[in-house]
Undergrad: 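Dropping a structure here in structure tokens format, bear with me for questions.
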Amino acid sequence: MGKHCGVNRLCFLGTVLALASVATIVTLWTIALTGGGDDVTAPWDSYRLPSALFPLHYNITLWPQLDTSTNTYLFTGSSSVLFQCEVETDLILIHVNKLNLTTLDGSHMARLSAAAGDFVPDILSCWLQTNTQYLVVHLSNKLKPGHSYQLYTEFRGELADDLAGFYRSEYIEDGVRKIVAISQMHPTHARKTFPCFDEPAMKAVFHITLLHTPGSVALSNGLEKDVLNITVDGVNVTQTVFEPTEKMSSYLLAFVVSDYTPLQTTHGDTLMRVWARTKAIEQGQGAYALNVSGPILDFLQLYYNISYPLKKADQVAVPDFYFGAMENWGLVMYRETKLLYDPMSSSNGNKETTVAIIAHELAHMWFGNLVTLRWWNEVWLNEGFASYVSYLGADHAEPTWNIKDLIFLNDIQGVLEVDSLSSSHPLSSEEDSIVLPEQILAQFDIISYSKGAAVLRMLSDFLSESVFVEGLRGYLTHFSYSNTVGTDLWEHLQMVVENNSVSLPQSVGVIMNPWVLQEGYPLVTIDTIQGKVSQRRFILNPEEQVTSRLPRRAEWAVPLRWMKDGEAQTEIWWLMEKEDVNLDMRSRASWVLANVNMSGFYRVNYDFGNWERLLTQLNTDHQIIPLINRAQLIDDLFNLARAQVVPTPLALRASTYLQQEKGYIPWRSALNNLQYLYLMLDRTEAYPLLQDYLRKLITPLYIHYNNTTDNWRQTPEQHMDQYNQVNVLHAACRASLSDCVSLTSDWFRRWMDNPENNTILPNLRPAVYCSAVSAGGNAEWEFTLDQFTRSTVSSERSHLLSALSCSSDAGLLHRLLSFTLSSSVLRWQDGATVIASVAENRHGNNVSWTFIREHWEHIHTHYGSSIISEVTERFSTPDELQQLKDFVEQVGLESSSAVEQVLERTRANIRWLQHNKEPILHWLQQNQETVLH
Ligand SMILES: *[C@@H]1O[C@H](CO)[C@@H](O)[C@H](O)[C@H]1NC(C)=O
Ligand SMILES: *[C@@H]1O[C@H](CO)[C@@H](O)[C@H](O)[C@H]1NC(C)=O
Ligand SMILES: *[C@@H]1O[C@H](CO)[C@@H](O)[C@H](O)[C@H]1NC(C)=O
Ligand SMILES: *[C@@H]1O[C@H](CO)[C@@H](O)[C@H](O)[C@H]1NC(C)=O
Ligand SMILES: *[C@@H]1O[C@H](CO)[C@@H](O)[C@H](O)[C@H]1NC(C)=O
Ligand SMILES: *[C@@H]1O[C@H](CO)[C@@H](O)[C@H](O)[C@H]1NC(C)=O
Ligand SMILES: [Zn+2]
């Protein structure tokens, strides 16, 4: 699945389980047990399927019926599943959720048959166990091991707009409302579409037939085989029969019925199609996706050394989609904004999103689809792997972008922060701790995706890419069309390690265990005076370090790539113990730098002398230090300062070298870190000093872009420079660099004078809109609002909406907030983001806090109580803490764990401010003149 899942979208209404018929069922079971032991848990009370029956193939016919005139949206279907009995049983448990099953032959909701001549037991009773989502079929006699049987059902379901199972999504084209019937089975919604053994290890072959309105197009995992116009129950329909799927998990099944148009090409033997709204295809918005998909597929076939097993690769842009994308085998679905790229208005960031997400989803066609993890407790391996390989695939499609370096910003930097909280969790969980559908869904978080990617990148680095790939190929070949556990991959890597005599301090499995089975990561401390190297868990909040509620943990096996005075050491040095000595790291005159290219998932601290030498190097010739490590030094120092491991002024001193820095990655890293200082200090007397400091840091880069892009009229050639151009414009305007403010305001004014002709470069729009609204008044704000209501391009709308929250006028911010009280201007799904963005604006902090308290009942109903966390992010005074306490008590939320975290964060901020405000003020004053010229 694509990362950046719909975490911020309030689109998924939790599964409400109807418990109505449980009482009768329990009675039945007691009868069946003929009064057996009271402590017996019935098999249908377990959320996991028993391992008695295994599906071989399904034969499914579905008919979505969409009647816009009567607003009736449902589907009917029939399914028969051929399954094999492995263990004698008189119970068939098969998943069903929210389907109405038809009573067949006037007796039961299912019919059982077997191969000719085989004995078939009678059905005694048949019921829906709604809490665990089963159809339970109780038989008169036992099914026999080694025999196979067929279970037939007919059913009806709703094509709801709930983004789950077989559902509907709407859009308007030429004033006409159009409806797409589409599916999202992953992770547990196939059972909402047809009765199935809905667990990843229950692989089977699916024979699919779809009935649909003549004129519409039906797609599924297999290629369309027969398309016929027929009459069913007096209705003219088109019947599309698909080629059977490969043997695969139910969560990978997919359907689309739409009026979409394809853009297509044949790549090798593979038919590749991009499907979207006809208008979008006509405007060429699918071209970029199609152009990069071929090269990515080529790369992956070579990388895995297994050819793409299907005849076709369809990719579909969906108006409403729960996740960013979903890797259904042969029929990948994407949110529209992720797949489509409009050269006229999309930014280079949009383009990168498209190429990266395609590479991620196509990477799953092998890792995930061909070979599948047995259970959802190891989601991290599937998602972390696809996230890691997406950089390699995207790099192949866009070789000039240096996209692999962006893993530092897109994955590593963010998850290092999350994983340094005491509330973090391990990559992998116990299999039996992940059983409920909501527990399964909760696995798809930043830890699985980003830490997973970082840890696999580290593994590939210390094994070498060639050993990693060889082991991976062995694993994929060996387990094709079946299921695995994570240790199977370690074993295949270990075989290659042994065949190639790769030197490792331990087996692959032993090295990986501490990274996978326990939360957090190490802070490695290097003392270059004595050559002492040690590790401990890095925790961001120093108070929680001492309250040690944390369990005892294993030491990490830490691979150290390091350099001395710019010279990289060829050998990795392993830190296996809590403390060890490396005499080569002793150094008095030259600097030591560890974790070269951030290839390991850890932070590094040094003795004071080494930090001094590193800072001197940064300030004299920073290019000797690799690009990613310049970003790392800043990120490590600012985080070590927050954890009170080093003084904040040391981090600030390191940041002064940025006056010479032109690289995007170090700059972005620094701005991300300065954001915390802004949050804490931008309502204090330190604010103007902080602004002066940032302005002086950024001015040389501003002039550089001014010079090299013809006063901002051109887009730089390099991808990273394009990012940095936006970056510097945003930061310079934010730091009130007058040239920047007047430039952006002028551009915006010109657009206001001629609304039909927006000449602002697409990349720069978010920065320009925000700056112009911030510096402007009523007129700019009203114009932005007007453009927002008119625009039909979704990326443009989101830029305009976020610009509205940049205003410096409390009255206008209040007006914006009032839009969140109804759905007349905003969609409900945007409300929470608007409130959070207003709170992020220093002029909006009080406005939003007052607003949510005044309208709490309403806010709470629509946006949930987690909004409190967004609105109080910069709370850092005892008075604010008191207000927060009073409020949560008043609304009865004081015991919620989310609120507990917010209170904890506020107390941590208060302490941080007490420790740091004076030293920072002092440093900023001292350095105002001297450091910066
Ligand atoms: C699937 O079912 C249809 C009708 O029920 C039947 O005509 C077809 O032969 C079946 N296909 C398979 C592969 O069993
Ligand atoms: C399923 O049955 C319930 C209860 O009879 C009914 O309310 C619902 O409309 C039915 N759903 C469909 C799609 O037929
Ligand atoms: C089925 O009917 C539709 C609409 O009437 C028509 O466009 C299509 O060509 C027909 N398909 C076949 C296979 O006859
Ligand atoms: C179904 O199609 C036939 C022939 O194509 C046509 O004569 C008939 O009117 C259609 N029936 C309906 C209900 O549209
Ligand atoms: C920008 O251009 C001006 C004049 O062409 C030149 O004097 C200045 O050194 C340049 N600055 C940078 C940072 O390239
Ligand atoms: C940017 O360049 C323009 C001319 O190209 C010049 O007039 C302006 O002064 C420059 N701005 C800065 C901050 O150097
Ligand atoms: Zn994925």
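Atoms within a ligand are numbered from 1 in the order they appear, just like the ligands themselves. For clarity, every value in this text was computed on a predicted model and none was experimentally measured.
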Undergrad: Does the cation-pi check pass for R842 over Y687, that is, NZ or CZ under 6.0 Å from the six-membered ring centre and within 45° of its axis?
TA: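 Cation-pi check for R842 and Y687: passes.
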Undergrad: Are any of the N/O atoms in E158 less than 3.5 Å from those in ligand 2?
TA: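 In fact, backbone or side chain, E158 has no N or O that close.
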Undergrad: What residues, two or more places apart in sequence or in another chain, satisfy ring pair (Phe, Tyr, Trp, His ring centres under 6.0 Å) together with Y702?
TA: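 So Y702 forms a ring pair (Phe, Tyr, Trp, His ring centres under 6.0 Å) with W712.
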Undergrad: Say whether Y702, considering both its backbone and side-chain N or O atoms, lies within less than 3.5 Å of an N or O atom on ligand 6.
TA: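 Looking only at distances, the answer is no, because the N/O contact criterion of under 3.5 Å is not met.
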Undergrad: Tell me, with the steps shown, if W751 and Y769 meet ring pair (Phe, Tyr, Trp, His ring centres under 6.0 Å).
TA: CA-CA 11 Å; W751 183 31; Y769 297 172; 5.3 Å; yes
Undergrad: Under the side-chain hydrogen bond (donor to acceptor under 3.5 Å, both in side chains) test, which residues partner R713, sequence neighbours left out?
TA: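 Applying side-chain hydrogen bond (donor to acceptor under 3.5 Å, both in side chains) to R713 gives D710.
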Undergrad: Can we call the ring centroids of W923 and Y693 under 6.0 Å apart?
TA: yes
Undergrad: Just to verify, what does F75 make a ring pair (Phe, Tyr, Trp, His ring centres under 6.0 Å) with, not counting sequence neighbours?
TA: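 Listed in chain order: F166.
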Undergrad: Just to be sure I understand the cut-off, which residues have at least one non-hydrogen atom under 4.0 angstrom from an atom of ligand 4?
TA: N236
Undergrad: Please report the C-alpha distance between E158 and K98 in whole Å, then the side-chain angles of each, then the deciding distance to 0.1 Å, and finally whether the salt bridge (Lys or Arg N to Asp or Glu O under 4.0 Å) criterion is met.
TA: CA-CA 8 Å; E158 193 192 347; K98 297 185 182 167; over 6 Å; no
